[in-house]
Protein chains: 2
Amino acid sequence: MTEASMQRITRQRQVILETLRNVRTHPTADELYEIVRKKLPHISLGTVYRNLDTLERCGMALRLDRVGNQARFDGDTSQHCHIRCKQCGRVDDIFETHAEVHADAVVRETGYQVTGFSLEFEGKCPTCKEIQDN
Amino acid sequence: MTEASMQRITRQRQVILETLRNVRTHPTADELYEIVRKKLPHISLGTVYRNLDTLERCGMALRLDRVGNQARFDGDTSQHCHIRCKQCGRVDDIFETHAEVHADAVVRETGYQVTGFSLEFEGKCPTCKEIQDN
DNA sequence: CTACTAATGAGAACGGATCGCAAAAAGGAG
DNA sequence: CTCCTTTTTGCGATCCGTTCTCATTAGTAG
């Protein structure tokens, strides 16, 4: 399902997608809800969740599954990976390729039909690093 | 904290660790609870959760955080990665190295202090593949 | 316009995980 | 062994992110 083939383009859906695309913080559903509420004060959290699901199924958003205990979302569906701060939960993008992955060899080892992989780095973000150093 | 330095070695803790080590399915907390209950019928789910936390903090078990919507646990703490079936949630081990990751380059790009990474493959397991083919 | 269907808002419900607390167990000292 | 201290357990309550229900509203085709 693509943007054009989505059944209805409601104001809520539009604002949610725009907001997600204009933010670089990989927000959780409720963080996004707080931002969207500034434009649509009467929107409900359930609508945000539903639209994030829809957008994900349409390939227009990514769910960063269980980065911590809450799902985070990414409006940038281009190929890139993430680094997460173990201390504050912040998630940043990594666009350069710092790994070569050989999926074909995984097929041979496991017998799975391999459809993809995710590479996620973890560490301490610049901010948390500085706080601890002082 | 290591096995020896753990404050108390209770029967519950012992059985939980043994069970986790003897199983190759990367069980969820409640799956492990069901297995452990066969030996200790009066154990509570809370105790399983608490001990999994303790074992993780001692470096004797791993919490597979991003695998589906429920945490799974692995008693094998040696370096390896996982492949998850998108259809049934099954998780298998991958011991061969099928990727070269350059963490130092990530440090330069992000400014993070990188402490690790996780590489997870996803696809369709042999069983689900066969079911769908028939 | 009308008719039909999808989407929304509000709140209830669900489920995994955690917490509080009294009772039990583990371990040390004597 | 007993006594004492500290940790752990079992149980139930609670938390909180997410999903569901359902009456109402909005989008779209004709």
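Reminder, nothing fancy here: chain letters follow the sequence lines and each chain counts from 1.
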Using a cut-off of strictly less than 4.0 Å, decide whether B/S44 has a side-chain nitrogen or oxygen near OP1 or OP2 of D/dC11. no
If I take atom CG in residue A/D53 and atom C1' in nucleotide C/dT8, what distance separates them, rounded to the nearest angstrom? 15 Å
Can you tell me which nucleotide in C/dT8, D/dG10, C/dA17 comes closest to the side chain of A/Q12? C/dT8
For B/N51 and C/dC19, what is the distance between atoms CG and P respectively, to the nearest whole Å? 15 Å
Go through the steps for A/D76 and A/R24 under the test salt bridge (Lys or Arg N to Asp or Glu O under 4.0 Å), then give the verdict. CA-CA 9 Å; A/D76 180 356; A/R24 299 141 221 88; over 6 Å; no
Taking the nucleotide of DNA chain C with the closest heavy atom to each, which residue, A/L40 or B/Y49, is nearer the 5' end? A/L40
What does B/R50 touch in the nucleic acid at a heavy-atom separation under 4.0 angstrom: a base, only the sugar-phosphate, or nothing? base
Base, sugar-phosphate alone, or nothing: which one does B/D30 contact when heavy atoms must sit under 4.0 Å apart? nothing
Of B/T10 and A/I43, whose closest DNA chain C nucleotide lies nearer the 5' terminus? A/I43
Between OG1 on residue B/T19 and CG on residue B/L40, distance to nearest 0.5 Å: 8.0 Å
Could you tell me how far apart A/L52 (CG) and C/dA7 (P) are, to the nearest whole angstrom? 14 Å
Whole-Å distance separating the CZ atom of B/R13 from the P atom of D/dT8: 5 Å
Check the distance between C/dA17's P and A/Q70's CD and give it to me in whole angstrom. 15 Å
Nearest-Å distance, CZ (B/R11) to C1' (C/dA24)? 16 Å
Nearest heavy-atom pair of B/C81 and B/L119: which atoms, and what distance? CB-O, 3.1 Å
So, does A/R8 get its side chain near the phosphate of C/dT5, meaning an N or O under 4.0 Å from OP1 or OP2? no
Spacing between A/R57 atom CZ and D/dT19 atom P, to the nearest angstrom: 11 Å
Between C/dA25 (P) and B/H42 (NE2): distance, integer Å: 12 Å
Strictly by modelled atom types, are B/D93 and B/H82 linked by a side-chain donor-acceptor pair under 3.5 Å? yes
